[in-house]
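Written out below as structure tokens is the structure these notes cover.
In this chain, residues are counted from 1 in sequence order. As the structure is a prediction and not an experimental result, all values here were calculated from the model.
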Amino acid sequence: MKMKSSSMEPTITKGSIVTLTKNYNEVNRFDIMVFNPDQFPENYFIFRVIGLPGEHIKLEGESVYINGKNLDIPNDLKYVELEAKFNNITLKENEFYLMGDNTTNSNDSRFLGPIRTNQFVSKLKKSKALTIRST
């Protein structure tokens, strides 16, 4: 699959080729997932899991709060506050909150809403399932 946007930069650059696998048992925070959103049934999106089922998500400034606690975001990522349609919400069972690593250019859960388990297509893993090369 070819990455068509810059929404996951710097992790996955626009034009990179990613190899997908459907073999995964669970979804964890910070996993990179491929999914097919209801709003764009002809497209596949790739974003990072931020919120897990049952958690309360609140975005404020450059911080992401999970159940009222500031999420410790990896050093190479920075989440910029934008006017989010889906903010200050509690996820239901089988719902996840995903965000792109390039938050200024990501049509992610802030705008799409929570992503359900049945919308996931693949989980990317750097070890085996993720092959990134520029074209």
Side-chain angles (χ1 to χ4, degrees):
M1 177 177 166
K2 186 174 185 176
M3 189 67 177
K4 295 181 181 180
S5 77
S6 61
S7 63
M8 279 299 292
E9 290 183 352
T11 307
I12 306 172
T13 58
K14 184 177 180 178
S16 294
I17 304 297
V18 294
T19 303
L20 310 178
T21 181
K22 292 184 180 182
N23 299 325
Y24 64 92
N25 296 322
E26 59 186 4
V27 178
N28 300 299
R29 191 177 329 279
F30 299 124
D31 284 347
I32 299 174
M33 301 298 295
V34 178
F35 64 96
N36 184 240
D38 292 339
Q39 300 90 327
F40 303 97
E42 69 284 353
N43 294 322
Y44 293 95
F45 287 48
I46 301 175
F47 292 127
R48 186 178 301 277
V49 174
I50 299 300
L52 303 173
E55 293 182 333
H56 184 267
I57 310 298
K58 183 177 181 185
L59 310 172
E60 191 173 282
E62 294 178 3
S63 297
V64 177
Y65 294 92
I66 306 290
N67 297 331
K69 295 182 180 180
N70 196 351
L71 178 63
D72 186 19
I73 298 171
N75 291 336
D76 56 338
L77 302 178
K78 181 179 179 183
Y79 291 115
V80 177
E81 182 179 27
L82 297 175
E83 289 296 322
K85 181 178 178 182
F86 294 92
N87 188 5
N88 203 18
I89 64 170
T90 300
L91 300 171
K92 297 176 184 171
E93 185 177 332
N94 293 321
E95 287 185 341
F96 296 81
Y97 200 90
L98 282 73
M99 292 175 67
D101 290 356
N102 180 2
T103 53
T104 59
N105 188 30
S106 296
N107 192 16
D108 51 30
S109 284
R110 294 171 296 165
F111 309 102
L112 296 172
I115 305 304
R116 295 180 314 280
T117 305
N118 66 349
Q119 293 174 286
F120 290 140
V121 175
S122 177
K123 177 178 178 176
L124 303 184
K125 292 183 181 179
K126 288 185 180 180
S127 60
K128 294 182 181 178
L130 180 58
T131 304
I132 302 174
R133 69 175 194 272
S134 296
T135 56

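Note that OH of Tyr44 is 11.0 Å distant from OG of Ser122, once rounded to the nearest 0.5 Å. Atom OH of Tyr97 sits about 6.5 Å away from atom CG of Asp108, to the nearest 0.5 Å. Atom OG in Ser63 sits 10.5 Å away from atom NZ in Lys58 (nearest 0.5 Å). In this structure, CZ in Phe30 is found 7.5 Å from CZ in Arg48, a value given to the nearest 0.5 Å. In this structure, Ile32 CD1 and Leu124 CG are separated by 6.0 Å, a value rounded to the nearest 0.5 Å.
Within the 4.5 Å cutoff, side-chain heavy atoms of Leu98 are placed close to those of Ser109. When side chains are defined from C-beta on, Leu71 counts as touching Ile50, because their heavy atoms get closer than 4.5 Å. Side-chain contact between Met33 and Val27 is present, with at least one heavy-atom pair separated by less than 4.5 Å. Two residues are said to be in side-chain contact when any heavy atoms from C-beta on lie closer than 4.5 Å; Leu91 and Pro114 meet this criterion. At least one side-chain heavy atom of Ile66 sits less than 4.5 Å from a side-chain heavy atom of Ile57. Residues Gln119 and Asn36 fail the side-chain proximity criterion, which asks for heavy atoms closer than 4.5 Å.
Evaluation of the salt bridge (charged side-chain N to carboxylate O under 4.0 Å, His left out) test over residues 29-41, restricted to residues two or more places apart or in two chains, returns Arg29-Glu55, Asp31-Lys123, Asp38-Arg116.
For Gln39, the side-chain contact (heavy atoms from CB on, under 4.5 Å) partners are Pro37, Leu112, not counting sequence neighbours. Legend: residues meeting ring pair (Phe, Tyr, Trp, His ring centres under 6.0 Å) with Phe40, ordered by chain and number and at least two apart, are Phe45. For Ser5, the side chain to side chain donor-acceptor pair (under 3.5 Å) criterion is met by Ser7, not counting sequence neighbours. Every residue was checked against the side chain to side chain donor-acceptor pair (under 3.5 Å) condition with Asn70, not counting sequence neighbours, and none meets it. The ring pair (Phe, Tyr, Trp, His ring centres under 6.0 Å) check on Phe96 picks up Phe120, with sequence neighbours excluded.
Shortest non-hydrogen contact noted between Val64 and Leu59 is CG2-CD2, 3.7 Å. Between Glu60 and Tyr65, the shortest heavy-atom distance links the atoms CB-CE1, 3.9 Å. Closest approach of Gly100 to Ser106, counting heavy atoms only: CA-OG, 3.4 Å.
In terms of modelled atom types and a separation under 3.5 Å, the side chain of Asn67 and the main chain of His56 share a donor-acceptor contact.
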